[in-house]
**Student:** 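Take this structure, written in structure tokens, and hold onto it; I'll ask about it next.
Note on naming: letters A, B, ... go to the chains in the order of the sequence lines (proteins, then strands), and numbering restarts at 1 for each one.
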Amino acid sequence: MPQAPRIICLAGPTGAGKSAIALALADLLPISVINADSRQVYRDFPIITAQPSPEEQGRCPHALYGFLGCREKISAGRYAQKAGAAIAQSLAQGRLPVLVGGTGLYFKSLLQGIAEIPAVDEAISRTLLERWDAEGGQVLHRELAAIDPAYAAKIHFNDRQRVLRALEVWQGTGKTFTWWHARPLPAPAFQTLNLGLALPLDELTPILGARIRIMLKADAPGEARTALERCPDPAAPGWSGIGCRELYGYLQGEYTLEECLTLWLRNTRAYAKRQLTWFRADQSLAWFRPEESKTLLGAALRWLDS
RNA sequence: GCCGGGGUAGCUCAGUUGGUAGAGCAGGGGACUGAAAAUCCCCGUGUGGGGAGUUCAAUUCUCUCCCCCGGCA
């Protein structure tokens, strides 16, 4: 039986320097960088979402960056499909696929698979959302508990996103969320080396602040202004990125640039904290600090030789 | 200087007919199966500006001092 192909995953909180490490690896080996970040997929926000620059993307093939319009939505499942295709393409070119990003769920659905639940009719989702607003979470959570007590017990009645998702899957497919989750997934298709790049939050915070100032110099407000002309709907999926929202408020005159920057940093920091919580729980990750890049690259090369 | 309004959690503020106080945000911890940069859960002792008085009991009432914000001089 042939060995599963190898890929490298580089995960960690925003601002830790993952993209730079990927490029350093590109200097040593033929690789393709594949995005594993849910916001860097948006075409209209290359600066604000910190996508690798065109120059950087020219140094080796990059996939899944900036390919979505502001109104388009991608899901974890669709991401996994696209990433799988990008990996296959990279391997076909004789390049090592290197997944780089900070979206834990995307890594998980790619590497461990995600239940193959068919798409649910949007009318169902819409009706449920209306009912949530009209009847409240407790009513819908109780309804979920009646059909899927195991999953209902795992989530809080205030967790709108999860309560509604579980209900729409039940209504749309006639099977419970728990039933779908219990179905076996295909065996992992790759051998992976999981690398984590991180700093403690208090060390990361000043870096996040500096990065926002760099984005400002690179005319992040101009980027937001252009996006606003193209897509004036702040509820559009593309606008939900941190920095986008805050700049939107500033451009609408809701607050000053100063306040916008404060909010932006605060929200970025809170996000980095959530990422750290997610990745900390992942036992498969080998952790490095940004200044340990040589050690990290050495570990990658050794793993490839083994 | 006078007249108001304030001084309560890191910040913005609420409340206590007198029985030593609680929200939002921030901060800390956690969860995470198709919107995940999303969504959600748990965590609140703080010289109640300082001092004095009344009272069994004062953050609350009284006096006084200090500081802030308006207005008048």
**Student:** For Gln40(A), report the nucleic acid contact type (base, sugar-phosphate, nothing); a contact means any heavy atom under 4.0 Å.
**Tutor:**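 Base contact - Gln40(A) has a heavy atom under 4.0 Å of at least one base atom.
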**Student:** Using Watson-Crick or G-U wobble geometry with both distances under 3.5 Å, which nucleotide pairs with U16(B)?
**Tutor:** none
**Student:** Hydrogens and angles aside, do Arg211(A) and Thr268(A) bring a side-chain donor and acceptor to less than 3.5 Å of each other?
**Tutor:**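 Judged by distance alone, the side chains do not pair up.
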**Student:** Go nucleotide by nucleotide along RNA chain B from the 5' end; which of Lys273(A) and Ser240(A) gets its closest nucleotide reached first?
**Tutor:** Lys273(A)
**Student:** Can you tell me if Tyr151(A) touches the phosphate of U33(B), counting only side-chain N or O atoms and a distance under 4.0 Å to OP1 or OP2?
**Tutor:** yes
**Student:** Could you write out each protein N or O paired with an N or O of nucleotides 24-26 of chain B at a distance under 3.5 Å?
**Tutor:**
none

**Student:** Would you tell me whether Gln275(A) and Tyr271(A) have side-chain atoms, one donor and one acceptor, within less than 3.5 Å of each other?
**Tutor:** yes
**Student:** Under a 3.5 Å cut-off for both distances, is G10(B) Watson-Crick or wobble paired, and to whom?
**Tutor:**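 Pairing partner: C25(B).
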**Student:** The side chain of Arg274(A) is closest to which nucleotide in this list: C40(B), A36(B), G34(B)?
**Tutor:**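 The closest nucleotide is C40(B).
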**Student:** Write down the distance separating the C1' atoms in G46(B) and G4(B), rounded off to the nearest Å.
**Tutor:**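 Comparing C1' positions in G46(B) and G4(B) gives a spacing of 29 Å.
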**Student:** Can you see if the side chain of Arg165(A) gets near the phosphate of C32(B) - specifically, an N or O under 4.0 Å from OP1 or OP2?
**Tutor:**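 False: Arg165(A) side-chain N/O out of range (4.0 Å or more) of C32(B) OP1/OP2.
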**Student:** Check the pair Arg39(A), Thr103(A) against side chain to side chain donor-acceptor pair (under 3.5 Å), reporting the backbone distance first and the verdict last.
**Tutor:** CA-CA 9 Å; Arg39(A) 293 297 110 182; Thr103(A) 303; over 6 Å; no
**Student:** Taking the same atom, C1', in C42(B) and in G51(B), what whole-Å distance lies between them?
**Tutor:**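 So the two C1' atoms sit 41 Å from each other.
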**Student:** Thr256(A) and Glu258(A): side-chain donor and acceptor closer than 3.5 Å?
**Tutor:**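 Checked: Thr256(A)/Glu258(A) side chains show no N/O donor-acceptor pair below 3.5 Å.
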**Student:** Using a 6.0 Å cut-off, check whether atom CD of Glu116(A) has over 12 heavy atoms from anything other than its own residue.
**Tutor:** no
**Student:** From the options G34(B), A36(B), G30(B), select the nucleotide whose nearest atom is closest to the side chain of Phe177(A).
**Tutor:**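 Output: G34(B).
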**Student:** G49(B): syn or anti, with syn meaning chi within 90° of zero?
**Tutor:**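 Anti, since the glycosidic angle lies more than 90° from 0.
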**Student:** Looking at Arg160(A), I'd like to know whether one of its side-chain N or O atoms comes within less than 4.0 Å of OP1 or OP2 on C40(B).
**Tutor:** no
**Student:** Tell me, which of residues 104-116 of chain A have any heavy atom that sits under 4.0 Å from an atom in RNA chain B?
**Tutor:**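 Going residue by residue through residues 104-116 of chain A, the ones with a heavy atom under 4.0 Å of RNA chain B turn out to be Leu105(A), Tyr106(A), Ile114(A), Ala115(A), Glu116(A).
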**Student:** In plain terms, say whether Arg78(A) and Glu72(A) are close enough for a salt bridge, that is, a side-chain N and a carboxylate O under 4.0 Å apart.
**Tutor:** no
**Student:** Nearest to the Arg162(A) side chain among G30(B), U39(B), G34(B), which nucleotide is it?
**Tutor:** U39(B)
**Student:** Suppose we screen for ring pair (Phe, Tyr, Trp, His ring centres under 6.0 Å). Which residues come up paired with Trp239(A), at least two apart in sequence or across chains?
**Tutor:** Phe45(A), Tyr248(A)
**Student:** Can you name the one residue among Ile87(A), Ile31(A), Asn194(A), Leu193(A) that meets side chain to side chain contact (heavy atoms under 4.5 Å, CB included) with Ile7(A)?
**Tutor:**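 Passing option: Ile87(A).
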**Student:** For G34(B), what is the paired nucleotide under Watson-Crick or G-U wobble rules, both distances under 3.5 Å?
**Tutor:**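 Its partner is none (no Watson-Crick or G-U wobble pair with both distances under 3.5 Å).
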**Student:** Output yes when at least one side-chain N/O atom of Thr277(A) is less than 4.0 Å from OP1 or OP2 of G30(B), else no.
**Tutor:** yes
**Student:** Should we say atom CD of Gln252(A) is surrounded by more than 12 heavy atoms from elsewhere, each under 6.0 Å from it?
**Tutor:**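 Count over threshold, so yes.
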**Student:** Less than 3.5 Å apart, any donor N or O on the side chain of Arg95(A) or Ser32(A) sitting next to an acceptor on the other?
**Tutor:** no
**Student:** Got a second to check how far His141(A)'s NE2 is from Phe157(A)'s CZ, nearest 0.5 Å?
**Tutor:** 8.0 Å
**Student:** Between G1(B) and G10(B), how far apart are the P atoms? Round to whole Å, please.
**Tutor:** 32 Å
**Student:** Detail all sub-3.5 Å separations between protein N/O atoms and N/O atoms belonging to nucleotides 41-44 of chain B.
**Tutor:**
unit_1, atom_1, unit_2, atom_2, d
C41(B), OP1, Asn158(A), ND2, 2.5

**Student:** Applying ring pair (Phe, Tyr, Trp, His ring centres under 6.0 Å), name anything that partners Phe279(A), two or more places apart in sequence or on another chain.
**Tutor:** none
**Student:** For Gln161(A) and for Leu185(A), find the nucleotide of RNA chain B with the closest heavy atom, then tell me which residue's nucleotide is more 5'.
**Tutor:**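 Of the two residues, Leu185(A) wins.
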**Student:** Across all strands, who's sitting opposite C72(B) as a Watson-Crick or G-U wobble pair, both distances under 3.5 Å?
**Tutor:** G1(B)
**Student:** How far does the C1' atom of G6(B) sit from the matching atom of A14(B), given to the nearest Å?
**Tutor:** 14 Å
**Student:** Which residues pass the ring pair (Phe, Tyr, Trp, His ring centres under 6.0 Å) test with Phe107(A), not counting sequence neighbours?
**Tutor:** none
**Student:** Considering only the C1' atoms, how many Å lie between U60(B) and A21(B), rounded to the nearest integer?
**Tutor:** 11 Å
**Student:** What distance, rounded to whole Å, do you find between the two C1' atoms, one in C69(B) and one in U62(B)?
**Tutor:**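 It comes out at 25 Å once rounded to the nearest Å.
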**Student:** Looking only at side-chain atoms of Ser75(A), point me to the closest of G28(B), A36(B), G34(B).
**Tutor:** G34(B)
**Student:** In whole Å, measure the gap between the P atoms of U47(B) and A9(B) for me.
**Tutor:**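 Rounded to whole Å, the distance is 7 Å.
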**Student:** Considering only atom C1', compute the distance from U39(B) to C32(B) and round it to an integer number of Å.
**Tutor:** 9 Å
